[in-house]
Amino acid sequence: MNFKEIIQEIYQQINNIDDKGQLASYIPELANIDSEKFGIHISTIDQVNFGLGNCYDKFSIQSIAKVLSLSLAYSILGEKIWERLGVEPSGTAFNSLVQLEADNGIPRNPFINAGAIVVSDILLSNLENPKEDFLAFVRSISNNSELNYSNKIASSEKSAGFRNTALCNFIKSFGNIQNKPSDVLDFYFDLCSLEMNCKELSELFLFLANNGCKINDNNLILTKSQSKRINALMQTCGFYDESGEFAFKVGLPGKSGVGGGIIAIHPNQYVIAVWSPKLNTKGNSYKGMRFLEEFTTESQLSIF
Ligand code: GLN
């Protein structure tokens with residue numbers, strides 16, 4: 001498969017379309033990003049790498065980090081984690097409060113904000129130094145000791161984080177948050193503020209294309225079954241109320257973030273990361289979604 005040619009061709013095509021998206025200005029710092037940035041990077045499990053455009057510029061990975069926090073929490077708690085979280089697509093926006101009351105404070109899935117806040121609470125209860133230990137986990141999967149949080153982004157989100165604060169307090173009222181809400185939220189904002197470029201993202205997530213196993217040293221991050229289940233959740237819940245459309249048009253497990261990044265995984269084959277900061281009305285990168293749709297169409301490589 002000649003990824004290089006296909007990616008180059010689609011990159012040109014999508015770079016020229018009218019970007020109908022908007023920056024995620026509800027996090028003040030994200031409104032300052034250069035909205036013209038556009039980067040792509042693919043990494044295959046046989047170690048082929050190719051990137052284009054702004055693929056070496058770091059950006060805020062935001063909700064893409066929810067896959068990493070879930071991976072760590074799942075590896076610690078095993079199946080017990082599902083006593084506190086559902087595995088159903090929510091069909092609602094990423095920051096919605098509406099289902100929580102009927103569901104007694106059990107978030108529908110780990111990728112909506114409510115679910116990721118519960119995962120943050122689980123990590124706070126199980127890690128000695130949550131902020132440092134989580135970063136060490138991410139660095140160890142990537143073999144990159146330079147990956148880091150952005151204090152600027154985390155404090156910007158915290159300054160305007162009223163909805164996430166409401167979510168955390170509401171879940172706490174049902175008894176599904178064990179720690180102090182302000183500590184849970186600080187940790188959640190920190191993990192959303194992780195910064196990476198497309199190359200770092202596509203390399204890091206290869207363990208989920210490789211049955212939970214790190215590529216370089218065969219270190220097991222997750223069991224095969226856990227890796228399969230996280231891929232299934234990415235497929236059904238990774239794009240909130242646009243998850244069906246992503247499955248329909250792209251056909252890969254994936255996860256987006258409001259920083260404009262998207263990762264998509266083809267199990268046993270590759271990870272592709274795309275970054276373009278303007279978002280569609282569902283909070284997913286406008287050009288990123290378009291690029292991936294063309295990519296799996298042209299390459300004929302989706303899981304379906
Ligand atoms: N930190 C963001 C928030 O909580 C993450 C949302 C996202 O990337 N979809 O609102």
Side-chain angles (χ1 to χ4, degrees), residues 21-33 58-70 85 89-98 100 107-121 123 131 134 138 149-171 177 181-196 198 201 205 233-234 236-243 245-246 254-264 273-289:
Q22 302 275 334
L23 290 172
S25 54
Y26 79 96
I27 300 176
E29 250 336 288
L30 291 184
N32 299 328
I33 308 290
K58 284 189 189 282
F59 58 94
S60 181
I61 72 167
Q62 292 294 320
S63 286
I64 300 174
K66 293 172 180 171
V67 184
L68 300 169
S69 53
L70 175 66
L85 290 161
S90 67
T92 58
F94 64 90
N95 54 5
S96 172
L97 282 125
V98 292
L100 276 171
R108 286 274 164 109
N109 69 66
F111 295 148
I112 48 173
N113 286 10
I117 288 170
V118 169
V119 171
S120 301
D121 182 60
L123 290 177
K131 190 172 171 182
F134 177 68
V138 176
Y149 303 113
S150 160
N151 293 332
K152 208 164 143 189
I153 301 267
S155 55
S156 173
E157 181 163 13
K158 185 176 174 178
S159 73
F162 307 110
R163 191 171 265 263
N164 285 321
T165 305
L167 281 167
C168 191
N169 282 312
F170 198 42
I171 303 168
I177 291 285
S182 58
D183 292 345
V184 177
L185 288 162
D186 282 347
F187 180 53
Y188 170 75
F189 295 140
D190 280 333
L191 65 92
C192 288
S193 82
L194 270 175
E195 290 187 313
M196 281 179 224
C198 290
L201 271 176
F205 278 94
L233 285 167
M234 291 172 83
T236 51
C237 313
F239 298 81
Y240 320 110
D241 45 343
E242 207 176 16
S243 299
E245 183 135 342
F246 192 80
K255 186 75 205 79
S256 62
V258 291
I262 301 182
I263 52 148
V274 187
W275 175 47
S276 169
K278 285 184 167 176
L279 311 177
N280 66 19
T281 53
K282 310 282 187 181
N284 302 317
S285 169
Y286 180 84
K287 279 188 177 173
M289 299 290 272

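Computed from a prediction, not measured in an experiment: that's the story for all the values here. Every number for a ligand or one of its atoms is a count from 1 in the order of the listing.
The structure places CG of L191 at 11.0 Å from CG of D186, a figure rounded to the nearest 0.5 Å. Between the CD atom in E157 and the OG atom in S150 there is a gap of 11.0 Å [rounded to 0.5 Å].
Interface of G257 with ligand 1, defined as ligand atoms under 4.0 Å from a residue heavy atom, comprises 8 (O). Here is the list of ligand 1 atoms found below 4.0 Å of a heavy atom in C192: 1 (N).
Between N113 and ligand 1, at least one pair of N/O atoms sits closer than 3.5 Å. Backbone and side-chain nitrogen or oxygen atoms of I27 are examined, and none is located within less than 3.5 angstrom of a nitrogen or oxygen of ligand 1.
Scanning the protein for heavy atoms near atom 5 (C) of ligand 1, the closest one is S63 OG, 3.2 Å. The nearest heavy-atom contact from the protein to atom 10 (O) of ligand 1 is Y26 OH, 2.5 Å. Among protein heavy atoms, the minimum distance from atom 1 (N) of ligand 1 is reached at Q62 OE1, 2.5 Å. The single protein non-hydrogen atom nearest to atom 4 (O) of ligand 1 is Y188 OH, 2.6 Å, given as residue, atom name and distance.
Taking both residues in full, the closest heavy atoms of A273 and C198 are given as CB-O, 3.5 Å, listed atom of the first, atom of the second, then distance. Minimum interatomic distance between L194 and A65 (heavy atoms only, all atoms of both residues): CD1-CB, 4.3 Å.
Contacts between N164 and ligand 1, counted as non-hydrogen atom pairs separated by less than 4.0 Å, involve the side chain only. Looking at E157 against ligand 1, only its side chain comes within 4.0 Å, counting heavy atoms.
Using a 30° and 60° split on the angle between ring planes, F94 and Y240 fall in the tilted class, from 30° to 60°.
Not one N or O on the side chain of E195 forms a donor-acceptor pair closer than 3.5 Å with the backbone of Y149.
Counted by atom type alone, Y188 and N113 present one or more donor-acceptor pairs between their side chains at under 3.5 Å. In this model, no donor atom of one side chain and acceptor atom of the other lie less than 3.5 Å apart for N164 and K158.
Proximity of Y240 to ligand 1 is established by a heavy-atom distance of less than 4.0 Å.
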